[in-house]
Amino acid sequence: MLTTRPRGTNDILPGEISKWHHLEEVLRQVAGLYGFQEIRTPIFEHTELFQRGVGETTDIVEKEMYTFFDRGNRSLTLRPEATASAVRAFVEHKLYAETQPVKLYYLGPMFRYDRPQAGRYRQFHQFGVEVFGTREPGVDAEVIAMSMDIYQRLGLKNLTVELNSVGCPACRRSYRTMLQEFLEESKEKLCGICQNRFDKNPMRILDCKNENCQELTKNAPTINDALCDDCRDHFTGVQEYLNKMGVEYRLNPRLVRGLDYYTLTAFEIMAEGIGAQASIGGGGRYDGLVEQCGGPPVPGIGYAMGLERILLTMEQQGIDRATSKSVQVYIASLGEKARLVGAALAQELRGKGITVEKDYQDKSLKAQMKAANRYNASYTLIIGEEELKNEEVVLRRMQDSSQEVIPLDGIIAYLAGEIKEGDDKR
RNA sequence: GUGGCUGUGGCGAAGUGGUUAACGCACCGGAUUGUGGCUCCGGCACUCGUGGGUUCAAGUCCCAUCAGUCACCCCA
């Protein structure tokens, strides 16, 4: 226990950090391009925020929250998602008083107490955006386009955007009864899970994986049949924008998202080959949420993507950015005095922006050369007794094994010159 | 929360109940004087996840537990 990480968590080790850096860099860059500004909210919130924001009946709230009491006996919860927090901050700081829309993005860890499996962890990372203050279909389209833009820049292929409209609360209510009426007769024949869903969330029955259920719902009415004029207009508006913007998508009238707050636009981005958890991002509109969280009636839309799943997909598609530690100069020294000189040289070189690694343990020269090789050093400086006495250093070019003796007081300038030239050639 | 599979050195992986638990990679050291990448030689396991049990004898069988993994529910 002492030496194992908590279940469902991961250490990101030095060997894999570069792909995270790369991913985060792309995310921030694209967010900037689309005019989003970062918001950082606490990693825990009052439990009631999620109960209210995410929805009492959702799985997240019912069984997946990390809830604890602090010393003041307040109930707090590690955030399972960030939309509720963003909404809270939006309301708390009265951002609705600023020019609308307000476009925010966030990036960080989320927590859900769930059984880990491929692409699912108890602590995972999400990047997400929220747009408050407008319900123009063009914004919905832009948010979808932006997410695809990100995936493309990362080099991901074979992704599908699934699009649907879940309507306004009124549409959903009427559709719900419509669906229940349709299924009433065959209710007994549905699988056990779906019989459960019949009352709780009948729309979920539509995307049950059970073949029998699929067959039974084949001719079921879709949400599109139940949309009011206003919702229908909005939905066609989103599609019109997407078409114009050249974003491909697949209409999926059975797409239902799990959180209670979604209205109108719902979308999900699916990847292949990363196991059962194929959704690498998703989002939708939440026009009633701000008000429900105690703010004014401000519409909003957002999406979130799971970074672990993106990385998994990249790996699966052979987009690999693993890098090993590498260094421009390695300083090998023999003996205490030489090591001191080496340390001084290292400082000077680093001051010139050159990456340096050196020996700290008085290893044999052979061992130091091996180390230099492992670090992928372009140059190795060797300082031994001989060199110390003559105020010189041996400069060895690792690539062709050539070496020369340079006066100690000239080595910095010499190396700085060499490395700059080398950089220019690239 | 439910189910399947798995758990041997840093990693990968043999081991069909019986003396000192293979091997590969990695790591460390060496192959005449202070020099890398190839080759050769050598070194590197006090708990075979943990705790019980069966047995004269268990890494090998049984039970429990923990963890990993995949899937379900659900989601990123």
Using Watson-Crick or G-U wobble geometry with both distances under 3.5 Å, which nucleotide pairs with [N]?
N     : value
B/G34 : none
B/C28 : B/G42
B/C48 : none
B/C72 : B/G1
B/G7  : B/C66

Margin query: Given B/C73, B/C70, B/U69, identify the nucleotide with an atom nearest to the side chain of A/A118.
Written below: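 Within the option list, the nearest is B/C70.
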Checklist line | Heavy-atom protein contacts under 4.0 Å, nucleotides 30-45 of chain B, coded B base, S sugar-phosphate only, - none | finding: -B--BBBB--------
Next item on the list: Report which part of the nucleic acid A/G8 touches: base, sugar-phosphate, or nothing (heavy-atom distance under 4.0 Å, all strands).
Entry: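 Result for A/G8 = sugar-phosphate.
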Give me, pair by pair, the N or O atoms of the protein and of nucleotides 4-8 of chain B that are less than 3.5 Å apart, along with how far apart they are.
none

Check: Taking it one step at a time, do A/Y286 and A/Y261 satisfy ring pair (Phe, Tyr, Trp, His ring centres under 6.0 Å)?
Finding: CA-CA 5 Å; A/Y286 44 82; A/Y261 53 62; 5.7 Å; yes
Notebook entry, point to check: Quick one: ring-ring contact (aromatic ring centres under 6.0 Å, His included) pairs with a partner in residues 364-418 of chain A, sequence neighbours left out?
Noted result: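 Qualifying pairs: A/Y330-A/Y375.
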Notebook entry, point to check: Can A/D114 and A/R112 be counted as an ion pair, charged N to O under 4.0 angstrom?
Noted result: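 Result for this pair is no, no salt bridge flagged.
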Notebook entry, point to check: For B/C70, does either OP1 or OP2 sit under 4.0 Å from a side-chain N or O belonging to A/Q117?
Noted result: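 No.
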